[in-house]
Amino acid sequence: MIKRTMYHALLDRLQEERAFMQVVAGPRQVGKTTLVRQVLEACPQPSHYASADEPGINGKVWLRQQWEVARIKAGQQQQPVVLVLDEIQKITDWSQVVKQLWDEDSFRRIQVKVVLLGSAPLLIQRGLTESLAGRFELLHLPHWSYAEMREAFGWDLNQYIFFGGYPGAAPLISKHQRWQRYLLDSLIETTISRDILLMTRVDKPALLRRLFQVGCSHSGQIVSYQKMIGQLQDAGNTTTLAHYLELLAAAGMVTGIQKYSGSLIRQRASSPKLQVMNTALISAQGTGTLKTALLERDQWGRLVESAVGAHLINSLYGSELRLWYWREGNNEVDYVLQRGDELVAIEVKSGRLRDSMPGMAAFVKQYAPQRTLLVGQQGLSVAEFLQLQPEQLF
């Protein structure tokens, strides 16, 4: 399990004599704080936890105050102290202050081991690359997988495909309207308003919100930026849309998979295949329940395909693999995994009418992948596929 692996990795690193700074980043509600609290309970060293998400925080002053608490504890107990700073991206210029304090401790040999948590991965990454090069290790927590939701909550495949991988919402699925309101208010709106609009420059907030809706309603579809501009009814340009899609992807919401062509220039210029990173984002904006969704062949097929794509995307963090789609004329391959010069072509049979579209034979003829894989009807079952890691496909 990804979360279990992360737990042991973080615990082991904090017990090293001089650990790097540990940065735990990922979307909202994937269990970052819970994971770290469990690590602190198992860690023999004393700790100090503080969150910048609390009201009345005074930026850099607050950050220095929390650091001083850890320093005092380290001096009093004559042993390393673990300092956990949650929602660190809320502090303006946090990375510069952290760099200064970390370097001071290194020079004076003060044993403060630092764990930083953040729910805006793009902002966290910017701070790390700008100020903290060579001082940190990054642990990315993606959305929960089918195997993790099944183990934690006893979900079956259909529940996972419809309700997605948000553990905090799991207790609400028996009351659909409550589950839906939780997703819309506590996850979707909070992520857009607090992790994107409040923390980054967005000149057209309404355009970004509509782009998110289009990404959800067209998940699994290849849509050109020009066509998106027409659907969004906005005079924006393709560069703006590409940037907003990058922000949505960094927040763990919607991303754009690029076309595989063997040419980097052509790949960058291609139309993206829109893909939600958690199928709950689709279901929460619809009017139907799990029961009604199962009766709609095309709707359910789209959710199945999106679940496969989301699994691939969330499983790639920290690996050397890359994910593409491929299309030439009427020939299409749903997903192409790349590891160096090796390719794995994946076709998803979900029961939708479009499943009859050809493509695999043409792709094999042109690129000779190491493996072709059929997921769904007459192939590897969706349940089996969602329990595999992409590296196992090579």
*Indicate the atoms forming the closest heavy-atom contact of Leu172 with Arg178, along with that distance.*
CD2-NH2, 3.4 Å
*Looking only at heavy atoms, which two atoms of Met6 and Leu141 are closest? And how far apart?*
CG-CD1, 3.9 Å
*Measure the shortest side-chain to side-chain distance between Arg209 and Ser193 over non-hydrogen atoms and say whether it is less than 4.5 angstrom.*
yes
_Residue of the set Leu303, Thr279, Thr255, Ile282 for which side chain to side chain contact (heavy atoms under 4.5 Å, CB included) holds with Ser219_ = Ile282
*Would you say His176's side chain and Gly288's backbone share a donor-acceptor pair under 3.5 angstrom?*
yes
*Decide whether Val81 and Leu63 are clustered together by the hydrophobic rule: side chain heavy atoms of Ile, Leu, Val, Met, Phe, Trp, Tyr closer than 4.5 Å, transitively.*
no
*Is there side-chain contact between Gln226 and Thr238, with heavy atoms separated by less than 4.5 Å?*
yes
_Which atom of Met149 lies closest to which atom of Ala170, heavy atoms considered_ = CE-CB, 4.3 Å
*Apply the test side chain to side chain contact (heavy atoms under 4.5 Å, CB included) to residues Ile88 and Leu117: give CA-CA distance (whole Å), side-chain angles for both, the deciding distance (0.1 Å), then the verdict.*
CA-CA 6 Å; Ile88 189 66; Leu117 280 68; over 6 Å; no
*If two hydrophobic side chains count as joined below 4.5 Å and joins carry through other members, does Leu374 share a cluster with Trp326?*
no
*Evaluate the criterion salt bridge (charged side-chain N to carboxylate O under 4.0 Å, His left out) for residue pair Arg4 and Glu151; output intermediate values, then yes/no.*
CA-CA 12 Å; Arg4 188 179 300 154; Glu151 180 177 326; 2.5 Å; yes
*Counting distance only, does the side-chain N/O of Tyr160 pair as donor-acceptor with the main-chain N or O of Ala383 below 3.5 Å?*
no
_Counting C-beta onward and ignoring hydrogens, is there a side-chain heavy-atom pair between Asp156 and Gln159 closer than 4.5 Å?_
yes
*Examine Tyr49 and Leu11 and state if one hydrophobic cluster contains both, with Ile, Leu, Val, Met, Phe, Trp and Tyr joined whenever side-chain heavy atoms are less than 4.5 Å apart.*
yes
*Could you walk me through whether Glu391 and Leu321 pass the side chain to side chain contact (heavy atoms under 4.5 Å, CB included) test, one step at a time?*
CA-CA 8 Å; Glu391 290 86 351; Leu321 306 184; 4.2 Å; yes
*Below 4.5 Å, heavy atoms only, C-beta onward: do Phe212 and Ile188 meet side chain to side chain?*
yes
*Determine, step by step, whether Trp62 and Leu85 satisfy the side chain to side chain contact (heavy atoms under 4.5 Å, CB included) criterion, reporting the C-alpha distance in whole Å, the side-chain angles of both residues, the deciding distance to 0.1 Å, and the verdict.*
CA-CA 11 Å; Trp62 174 87; Leu85 298 171; 4.1 Å; yes
_Any donor-acceptor pair under 3.5 Å from Arg302 side chain to Ser350 backbone_ = no
_For the CG atom of Leu245 and the OG1 atom of Thr240, what is their distance to the nearest 0.5 Å?_
12.5 Å
*asked:* Quick check with a 6.0 Å cut-off and a 45 degree axis cone: is Lys273 positioned over the face of Tyr335's six-membered ring?
replied: yes
*Got Phe363 and Asn331 here, is their nearest side-chain heavy-atom distance under 4.5 Å?*
no
*Please report the C-alpha distance between Trp67 and Leu83 in whole Å, then the side-chain angles of each, then the deciding distance to 0.1 Å, and finally whether the side chain to side chain contact (heavy atoms under 4.5 Å, CB included) criterion is met.*
CA-CA 7 Å; Trp67 207 289; Leu83 171 62; 3.7 Å; yes
*Spacing of Phe162 atom CZ and Gln299 atom CD [to the nearest 0.5 Å]*: 7.0 Å
*So if you build clusters from Ile, Leu, Val, Met, Phe, Trp, Tyr with side-chain heavy-atom gaps below 4.5 Å, do Ile313 and Val382 land together?*
yes
*asked:* Ignoring hydrogens and geometry beyond distance, is a side-chain donor-acceptor pair present between Glu68 and Gln66 at under 3.5 Å?
replied: no
*Are any of the side-chain heavy atoms of His143 and Tyr166 separated by less than 4.5 Å?*
yes
_Any carboxylate oxygen within less than 4.0 angstrom of a Lys/Arg side-chain nitrogen, looking at Lys259 and Glu332?_
no
*Does the side chain of Gln96 pick up a donor-acceptor pair with the side chain of Gln100 at under 3.5 Å?*
no
*Measure from the side-chain N and O atoms of Gln275 to the backbone N and O of Ser306, and report whether any donor-acceptor pair falls under 3.5 Å.*
yes
*List the atom of Gly134, the atom of Phe20, and the distance in Å for their closest heavy-atom pair.*
O-CE2, 3.6 Å
*asked:* Within this structure, what is the CG-CH2 distance for the pair Leu312 and Trp324, rounded to the nearest 0.5 Å?
replied: 14.5 Å
*Do Gln378 side-chain atoms and Gly376 backbone N/O form a donor-acceptor pair below 3.5 Å?*
no
*Validation row, ring centre Tyr367 to ring centre Tyr260 under 6.0 Å*: yes
*Considering all heavy atoms of both residues, which atom of Ile257 and which atom of Leu323 are nearest to each other, and what is their separation?*
CG2-O, 3.7 Å
*Kindly compute the distance separating CD (Gln111) from CD (Gln45), expressed to the nearest 0.5 Å.*
8.5 Å
*Heavy-atom side-chain proximity of Ile346 to Leu393 below 4.5 angstrom*: yes
*Main-chain N/O of Ile222 paired to Ser271 side chain as donor or acceptor, under 3.5 Å*: no
*Hey, does the side chain of Lys32 reach the backbone of Gly26 with a donor-acceptor pair shorter than 3.5 angstrom?*
yes
_Any side-chain to backbone donor/acceptor pair from Gln78 onto Gly75? Under 3.5 Å, distance only._
yes
_Between Arg150 and Gln387, do the side chains contain a donor N or O and an acceptor N or O under 3.5 Å apart?_
yes
*If you draw the axis of the six-membered ring of Tyr325, does the NZ or CZ of Arg327 fall within 45° of it and under 6.0 Å from the ring centre?*
no
*With the side chain counted from C-beta on, respond yes when Asp53 and Asp86 share a heavy-atom pair under 4.5 Å apart, and no when they do not.*
no
_Straight-line distance of Lys99 NZ to Leu101 CG, nearest 0.5 Å_ = 11.0 Å
*Between CG on residue Asp298 and CD on residue Glu296, distance to nearest 0.5 Å*: 8.5 Å
_Heavy-atom neighbours of Gln177 CD exceed 12 at 6.0 Å_ = no
*Expected output: side-chain Ser319 to main-chain Leu316 donor-acceptor under 3.5 Å*: yes
*Check whether any side-chain N or O of Thr190 sits under 3.5 Å from a backbone N or O of Asp185 as a donor-acceptor pair, and report yes or no.*
yes
*asked:* Would a single hydrophobic cluster contain both Phe394 and Val308, if residues Ile, Leu, Val, Met, Phe, Trp and Tyr are joined by side-chain heavy-atom contacts under 4.5 Å?
replied: yes
*Looking only at non-hydrogen atoms, find the nearest pair between Lys3 and Val30 and report the distance.*
CE-O, 3.8 Å
